[in-house]
Amino acid sequence: MSTYKFYEQVNKNFDKAAVYTRFDKGLLAQIKICNTVYHVTFPVRRDDGRIDVIEGWRVEHSQHKLPTKGGIRYSHKVDEDETMALAALMSYKCALVDVPFGGAKGGVKISTRDYSESELERITRRYTYELIKKGFIGPGVDVPAPDYGTGAREMGWILDTYRQMKDDINAEGCVTGKPIQQGGIRGRTEATGRGVYFGIREACNIKEDMKALGLETGVEGKTFVVQGLGNVGYHAAKYLTEAGAKMVGVAEMEGSIYDEDGIDLEKLVQFRKETGSIIGFGGSKELPNRSDALIAECDILIPAALESQITGDNAHAVKAKIIAEAANGPTTSDAHEILKERGALILPDTYLNAGGVVVSYFEWLKDIQHVRYGRMSKRYDETSYKKILKVIEGLSDRKFTEEELGDLAKGADEYDLVDSGLEETMITAYQQIVDIRREHNLTDLRTAAFINAINKIGIMYEQMGIFP
Ligand code: GLU
């Protein structure tokens with residue numbers, strides 16, 4: 001059990017940034033606090049007839065924009081403090097990437113491995129029922145999504161439960177990260193990892209920052225280590241590899257492996273599926289301690305598992321020059337100071353892993369609009385491009401082949417638009433943070449990100465007025 005109080009860690013980062021803003025103490029306190037905390041217990045019948053009491057939470061950190069938004073975590077380590085911290089991070093995250101939602105988070109204290117699929121379904125449906133009963137879910141109120149331990153399957157159960165109980169034309173917008181057939185969106189599964197990649201790419205493209213680290217500009221040729229090969233870690237590693245970076249180390253629950261010649265991601269995933277472990281894969285060597293990959297030699301370290309992984313205990317030994325926080329809260333505030341002292345560039349969670357909620361926002365828009373992206377424009381665009389290509393052919397000796405015509409005249413489909421919207425969002429948000437870093441003469445992107453988030457939320461509060 002970690003000795004770090006997660007919510008306190010988040011608030012320390014908030015306070016560090018708050019001094020650079022113009023808001024009075026009271027308003028800052030209002031931004032920081034969790035507005036509503038719902039704690040629930042309920043019974044669930046096990047397959048063998050026994051009854052388990054399940055504990056869950058839903059925290060709405062800030063309702064300055066509605067709906068509130070954030071995933072639901074299933075983990076035996078979930079507690080109120082963790083859910084509050086994660087809800088707060090969601091508010092700041094949404095503000096940074098201009099997603100018009102307040103922050104929320106849910107947690108159910110179970111180890112998913114201890115339950116069968118039908119037990120998990122009963123838990124999920126009952127938890128959803130409790131949320132509905134107390135007004136903690138709805139397309140305009142609070143919209144859950146996947147997080148650690150949950151995925152599209154659970155989101156499908158949540159939607160179905162909601163639909164059974166509510167006559168709501170926008171019911172599909174009550175949860176995101178759903179299966180495509182149930183109002184989900186193409187590109188949501190990979191969105192967080194894809195966003196992590198875009199964020200790292202942006203950071204690596206800033207010449208002065210790379211120079212200060214003694215690194216070349218660009219992602220290509222850089223080595224990286226990833227902690228956690230779940231949905232986020234896997235996709236981040238996949239896109240980085242495709243861009244020419246080399247995965248040299250992996251940490252998972254069973255231990256750490258390292259191979260300076262590079263580790264093949266797909267083969268490793270297959271190997272783990274077959275053997276239940278990453279240990280013994282290919283030519284890699286097993287490191288002495290379970291999370292030693294965190295302190296292995298590499299350019300980019302990507303903690304993509306849980307909070308409080310890089311702490312005052314191991315931060316001194318971290319060798320990576322770039323810490324890319326794909327997880328929420330992986331670096332404690334004392335570790336942050338140690339890393340900063342050493343001159344490392346920390347890409348903060350509030351920015352770097354926001355891709356998930358960005359694409360959740362696109363999914364929610366699709367659901368309340370009741371139309372798939374690209375449906376109205378794809379064919380129209382293709383016809384227009386073909387007309388232009390015909391004109392070009394007429395003006396030159398060039399005749400396009402059928403294949404070239406297909407390529408050049410491709411209209412954007414849902415995936416293309418989602419991906420492009422995500423890329424644009426991650427680029428713009430990084431630029432904003434870098435500008436604030438410059439404006440305040442900071443060396444620290446986390447503080448810059450918090451300043452940006454506090455400013456955006458603070459202005460909302462000012463404009464809202466305080467009632468009654
Ligand atoms: N659980 C994800 C996160 O921590 C996604 C939240 C969402 O899409 O609402 O950002």
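These numbers were taken from a predicted model, which means no experiment stands behind them. In each ligand, atom 1 is the first atom listed, and ligand 1 is the first ligand listed. All residue numbers refer to positions in the sequence shown, counting from 1.
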Are there any N/O pairs under 3.5 Å between ligand 1 and the protein, and if so, what are their distances?
unit_1   : atom_1 : unit_2 : atom_2 : d
ligand 1 : 1 (N)  : Pro146 : O      : 2.9
ligand 1 : 1 (N)  : Asp147 : OD1    : 2.7
ligand 1 : 4 (O)  : Lys93  : NZ     : 3.0
ligand 1 : 4 (O)  : Lys105 : NZ     : 2.9
ligand 1 : 4 (O)  : Asp147 : OD1    : 3.4
ligand 1 : 4 (O)  : Asn328 : ND2    : 3.2
ligand 1 : 8 (O)  : Arg188 : NH2    : 3.1
ligand 1 : 8 (O)  : Ser360 : OG     : 2.6
ligand 1 : 9 (O)  : Lys69  : NZ     : 2.8
ligand 1 : 10 (O) : Lys93  : NZ     : 2.7

- [ ] Using a strict 4.0 Å threshold on nitrogen-to-oxygen distance, state whether Glu414 and Lys366 make a salt bridge.
- [x] yes
Open item on the list: What I want to check is whether the side chains of Gln227 and Ser291 have a donor and an acceptor closer together than 3.5 Å.
Closed with: no
Task: Any side-chain heavy-atom pair of Arg153 and Leu120 under 4.5 Å - done: yes
- [ ] Measure the shortest side-chain to side-chain distance between Ile200 and Tyr239 over non-hydrogen atoms and say whether it is less than 4.5 angstrom.
- [x] no
Task: Minimum heavy-atom distance between Val97 and Ala354, given as atom pair plus value - done: CG1-CB, 3.7 Å
- [ ] Answer yes if the ring centres of His61 and Tyr92 are under 6.0 angstrom apart, and no otherwise.
- [x] yes
